[in-house]
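Here's the structure we're looking at; comments come further down.
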Number of protein chains: 2
Amino acid sequence: MSRAVAGPEIERLIQLLARLPGLGPRSARRVALHLVKRKDQLLGPLAGAMAEAAAKIVICPECGNVDTIVPCTICQDARRDPSILCVVEEVGDLWALERAAVINARYHVLGGTLSPLDGVGPEDLNIAKLVERARAPEVKEILLALNATVEGQSTAHYLMDRLADCGVTVSRLAHGVPVGGELDYLDEGTLAAAIKARKTL
Amino acid sequence: MSRAVAGPEIERLIQLLARLPGLGPRSARRVALHLVKRKDQLLGPLAGAMAEAAAKIVICPECGNVDTIVPCTICQDARRDPSILCVVEEVGDLWALERAAVINARYHVLGGTLSPLDGVGPEDLNIAKLVERARAPEVKEILLALNATVEGQSTAHYLMDRLADCGVTVSRLAHGVPVGGELDYLDEGTLAAAIKARKTL
């Protein structure tokens, strides 16, 4: 702001809020105003929740998930099928699969994808630990649930090579028409994959 | 989420973030993930800034601005022209005028607009204090810088009546073509106002 309107505390709050994904300077001001107008109902509780999260959050040394206990809730869950490890790029992908509740496996979070142009090599991702976990006798299948992007798929290829001598089946998600999707709006790559993997009725 | 993926601290953080304006459940999760991945650089400092703001923020009893000192920075600023009071709906409007740095007056924040359908009457807004301030001998002009919406304008009409016997000039912002605006994209109301208030060159 060109002139000091509010105290430095509010200015600092706006600056930090502007660093959140999807918020620019304008929406950061709007959020800050929303917060200061709801000091007791929202700003205070949110400050508390953030402080608590900041104090308690740890990265699971086993799978790379974020949680407040070590090992994480999922790694500790005895009802999970120990024979499948589902490899994802980011914790957000893990959350998406858990929301869908479509697999009862444990996970392994890579922390990104290989990207030589950005200087991200195998040693920057959580890959050594994955190979170690894949060698465990109870693990039979590694499901590479990576994004269907160029980066995701090239990372999957690399992992296939790395996991070749671990004595596990390596699988990937199926490609095809998304459920509810209209053919008219799909790209050629998806249509080609859907035709190639067509099912006999 | 259908299953407990992360600890209750993270779930609670997501729930509170989802109550911020412009964030839904999905973007709240994205923000939460962004925060927990940047625990020391962003989550901790933001928690601190919010706690400090929550502890220090007060509504200025004079003008209704939010600040950390009483009276607020603007009310205390001796370089402000004491003869003009600029009436705005919300603190965000005050910030917008201050960013533009186009008026060196003091402000008066109403806290909303009259809206009988929503049960917002004159007693719910910061109007009694405005009338009191308007009667101060140094105040010569009340500039109603309200939104050019139906609610803003009906509130302005109401304030004109209330301020009629305060011995002050009551003014409003000019209507017209926004600077940089193209006629083709303007509504009839704006064009009519711009023609009616046309200036001789």
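Lettering follows sequence order; numbering is per chain, from 1. Just so it is clear, the values below take in all heavy atoms, side chains as well, and ignore hydrogens, waters and symmetry mates.
For B/I57, the parts sitting under 4.5 Å from any heavy atom of chain A are the backbone and the side chain alike. Residue contact with chain B, scored on non-hydrogen atoms closer than 4.5 Å, is absent for A/Q76.
Heavy-atom pairs under 4.5 Å with chain A peak, among B/R30, B/K39, B/M50, at B/M50. Between chain A and the options B/G111, B/G44, B/P45, the largest number of non-hydrogen pairs under 4.5 Å is found for B/P45. If you tally non-hydrogen atom pairs under 4.5 Å between each of A/D40, A/L35, A/L42 and chain B, the highest count goes to A/L42.
Chain B is approached within less than 4.5 Å, heavy atom to heavy atom, by A/L17, A/R19, A/L20, A/P21, A/G22 from residues 17-24 of chain A, ordered by number.
Residues B/I10 and A/D67 approach most closely at CD1-CA, 4.1 Å, considering heavy atoms. Closest of all the heavy-atom pairs between B/A51 and A/A47 is N-CB, 3.5 Å. Shortest non-hydrogen contact noted between B/L16 and A/L46 is CB-CD1, 3.5 Å. Residues B/A53 and A/L13 share a closest heavy-atom pair of CB-CD2, 4.1 Å.
A donor-acceptor pair is defined here as one N or O able to donate and one able to accept, closer than 3.5 Å; no such pair exists between the side chain of B/K56 and the backbone of A/E9.
Between B/R29 and A/R99, the closest side-chain pair of non-hydrogen atoms falls below 4.5 Å. No side-chain heavy atom of A/V36 sits under 4.5 Å from any side-chain heavy atom of B/I59.
Atom CD of B/E138 sits in a crowded spot, with more than 12 heavy atoms from other residues, nucleotides or ligands closer than 6.0 Å.
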- Message: Go through it in stages, so that I can follow the logic: the residues are B/K37 and A/E90, the test is salt bridge (charged side-chain N to carboxylate O under 4.0 Å, His left out), and I'd like the CA-CA distance, side-chain angles, deciding distance and then a yes or no.
- Response: CA-CA 10 Å; B/K37 284 167 77 178; A/E90 297 285 358; 3.0 Å; yes

